[in-house]
Amino acid sequence: MVWVFLLLLAWAVAGAACTRLCLAAVRAASVDENAEQVRDLTLYEAAFLSGGPGRVADLTMVSMARQQRLLLASTGWATVVDPRGRDEMERSVIGAIGPEGQSRIAPVRAAAAAADAVGGLAERLVGAGLAVTDGTRTTVAAGVRQVRAASLVVLALGVVALLFPATPDLPRDLVALWFALPLALTLSCLAIARVEVHPYSRWASPAGQRLLAALARRAASAGAGTSTGTGTGTGDTSACTGTGTGSGDDRTYLTFVAVRGIRAVGEPDLRAAFAHREQRGRD
């Protein structure tokens, strides 16, 4: 009766994985209920919800480079042109570069992403119900991965059980049917999760994802028929903070950077600078 032990193990694995995913979905729904319903995201907020602290640092450096207040060389170095930061994010980047006014982009990005300014932004977004907390940041996505793994485990256990010799009172078909039940549980849980909580975001709550989608649609509409990947841009810092009247084209461009990341950067020099940073990270 080894197959009975394997069946119990399959149910335990499937039940634990599905329970974890359900609890994570319930917590995500409770955050969504407390979210601010009507508001516009600043670009720093959009960057955090799309890509976390690192995306905020990238957006800040791209914005300063387009304002010609920060030089991002294709060799992967950042040089301060204007040492006066116009907001706390820019001051974090300038501080990360250091008193010499020059540093490699990779350590600047890491230091700026860990700065208090980004931490404060994260706390405000969590308080508004638009971002998930550190403890639950990956619970839904991790829960989905665990259920997928549980499906494979159940399938493997069923195969092992079928390898044992069959008995006259217990045909193989019946054994397979018993193992099909926990497998059906995991697959149905995955299907429900895909409908109810997909896509799985590491940073944004469901309410935050809706605001991000609305922001991306507005940017796409504003950028239709215009080129957002060229030019140098001279928009002011209000394009990121949302507190002023920056250039509309510049804000559209930076919106794409906030939502899509560095791949939205069109200037060859900027792309070379960040590509150099990414290459060093892989090395």
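Quick note: numbers below take in every heavy atom, side chains included, and nothing from hydrogens, waters or symmetry partners.
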List for me each residue that meets side chain to side chain donor-acceptor pair (under 3.5 Å) alongside D169, sequence neighbours excluded, and say none if there are none. T167
Sequence-distant partners of T79, side chain to side chain donor-acceptor pair (under 3.5 Å), two or more places apart: Q102
With side chain to side chain contact (heavy atoms under 4.5 Å, CB included) as the test, would you mind laying out the steps for T186 and V153 before giving the verdict? CA-CA 11 Å; T186 57; V153 171; over 6 Å; no
Do [X] and [Y] belong to the same hydrophobic cluster, where Ile, Leu, Val, Met, Phe, Trp and Tyr are linked whenever their side-chain heavy atoms lie under 4.5 Å apart, directly or via other members?
| X | Y | value |
| --- | --- | --- |
| V81 | V108 | no |
| L170 | V2 | yes |
| V265 | L71 | no |
| V175 | V159 | no |
| L190 | L152 | no |

Across all chains, not counting sequence neighbours, the salt bridge (Lys or Arg N to Asp or Glu O under 4.0 Å) partners of R84 are D82
Separation of [Y] [atom2] from [X] [atom1] (nearest 0.5 Å):
| X | Y | atom1 | atom2 | value |
| --- | --- | --- | --- | --- |
| L41 | T255 | CG | OG1 | 10.0 Å |
| L174 | W3 | CG | CH2 | 6.0 Å |
| Q146 | C189 | CD | SG | 10.5 Å |
| F48 | L121 | CZ | CG | 6.5 Å |
| L157 | F5 | CG | CZ | 9.0 Å |
| L72 | M61 | CG | CE | 6.5 Å |

Atom of [X], atom of [Y] and distance for their closest heavy-atom approach:
| X | Y | result |
| --- | --- | --- |
| A112 | A96 | N-CB, 4.1 Å |
| S103 | W77 | C-CE3, 3.4 Å |
| S50 | A258 | CB-O, 3.4 Å |
| W203 | P53 | CH2-CD, 3.5 Å |
| G54 | A113 | N-CB, 3.9 Å |
| M89 | A117 | CE-O, 3.5 Å |

Is there side-chain contact between [X] and [Y], with heavy atoms separated by less than 4.5 Å?
| X | Y | value |
| --- | --- | --- |
| L211 | L49 | no |
| L185 | L181 | no |
| R109 | F274 | no |

Working note: S92 + V118, criterion side chain to side chain contact (heavy atoms under 4.5 Å, CB included); need CA distance, chi angles, decisive distance, verdict. CA-CA 9 Å; S92 297; V118 179; 5.9 Å; no
After noting the C-alpha distance and the side-chain angles of Q67 and S63, does the key distance pass the side chain to side chain donor-acceptor pair (under 3.5 Å) rule? CA-CA 6 Å; Q67 298 165 34; S63 175; 2.8 Å; yes
Sidechain N-carboxylate O distance under 4.0 Å for E45, R124: no
Are there over 12 heavy-atom neighbours, none belonging to W178, within less than 6.0 Å of that residue's CH2? no
What residue among V257, I262, V259 forms side-chain contact (heavy atoms from CB on, under 4.5 Å) with L59? V257
Donor-acceptor check, side chain of R218 to backbone of T252, threshold 3.5 angstrom: yes or no? no
